[in-house]
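Read the structure below first, then the notes.
Since this is a predicted model, take the numbers as computed values, not measurements.
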Amino acid sequence: QVQLVESGGGSVQAGDSLRLSCSVSGRTWSLFAGGWFREVPGKEREFVAAISWLGGTTEYADSVEGRFTISGENAKKSVYLQMTDLKPEDSAVYYCAVEAGNIAALKIAPDYWGQGTQVTVSS
């Protein structure tokens, strides 16, 4: 089993920055990729960013490209999301996810999810 715990969410003003962290524990040696998704009420959960711990390949949604940066530590299988120039439309519950396969597999259906952390951006 794998457990994920997110932290770092909060309420900020438009233009501010936040850094989300995801601590991963358990059978981490089986994991290959980590990422972030977000969800607002009434809409489907959407992909935000992903990273492969070996090689450091990253991928972003068009809506956050250039503003968000994903990073991670392979030894800890941790995942971070640095968010800058936040906009009200970035408000959502952000979920960390990890995957034993590749980034493509994570984007479709991650193996494990965190419990989510709320990010609220006011205009």
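Taking both residues in full, the closest heavy atoms of Tyr80 and Glu73 are given as OH-OE2, 3.0 Å, listed atom of the first, atom of the second, then distance. Here the shortest heavy-atom pairing between Ala92 and Glu39 reads CB-O, 3.4 Å. Pairing each heavy atom of Leu106 with each of Phe47, the nearest pair is CD2-CE1, 4.4 Å.
Between Ser52 atom OG and Asn102 atom CG the span is 9.0 Å, to the nearest 0.5 Å. Taking OH from Tyr94 and CG from Leu18, the interatomic distance works out to 9.0 Å, rounded to the nearest 0.5 Å. Note that the CE atom of Met83 and the CG atom of Asp16 stand 11.0 Å from one another [nearest 0.5 Å].
Panel note: side chain Arg67, backbone Asp85; a donor-acceptor pair is recorded below 3.5 Å. The closest donor-acceptor contact from the side chain of Glu99 to the backbone of Gly101 lies under 3.5 Å. Under the 3.5 Å distance criterion, the side-chain polar atoms of Ser91 are matched with a main-chain donor or acceptor of Val121. Looking at Lys77, its side chain does come within 3.5 Å of a backbone N or O of Asn74 through a donor-acceptor pair. Glu6 places a side-chain N or O within donor-acceptor distance of the main-chain N or O of Gln115, the cut-off being under 3.5 Å. A donor-acceptor pair under 3.5 Å is formed between the side chain of Asp111 and the backbone N or O of Ala100.
Linking Ile, Leu, Val, Met, Phe, Trp and Tyr whenever their side-chain heavy atoms come within less than 4.5 Å leaves Trp36 and Ile103 in two separate clusters. The cluster map of Ile, Leu, Val, Met, Phe, Trp and Tyr, joined by side-chain heavy atoms under 4.5 Å apart, puts Ile70 and Tyr95 in different clusters.
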Stepwise side-chain contact (heavy atoms from CB on, under 4.5 Å) check, Ser63 with Arg38: CA-CA 12 Å; Ser63 58; Arg38 64 188 182 187; 3.4 Å; yes

side-chain contact (heavy atoms from CB on, under 4.5 Å) assessment of Phe68 paired with Asp90: CA-CA 11 Å; Phe68 292 9; Asp90 294 318; 3.9 Å; yes

From CA spacing to verdict: side-chain contact (heavy atoms from CB on, under 4.5 Å), Leu20, Val119: CA-CA 9 Å; Leu20 305 182; Val119 172; 4.1 Å; yes

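Evaluated for a side-chain contact (heavy atoms from CB on, under 4.5 Å) with Leu4, the options Cys22, Ser25, Ser78 yield exactly one hit, Cys22.
For Phe37 and Trp113, the ring centers are positioned less than 6.0 Å apart.
Donor-acceptor pairing under 3.5 Å is lacking for the side chains of Tyr112 and Gln3.
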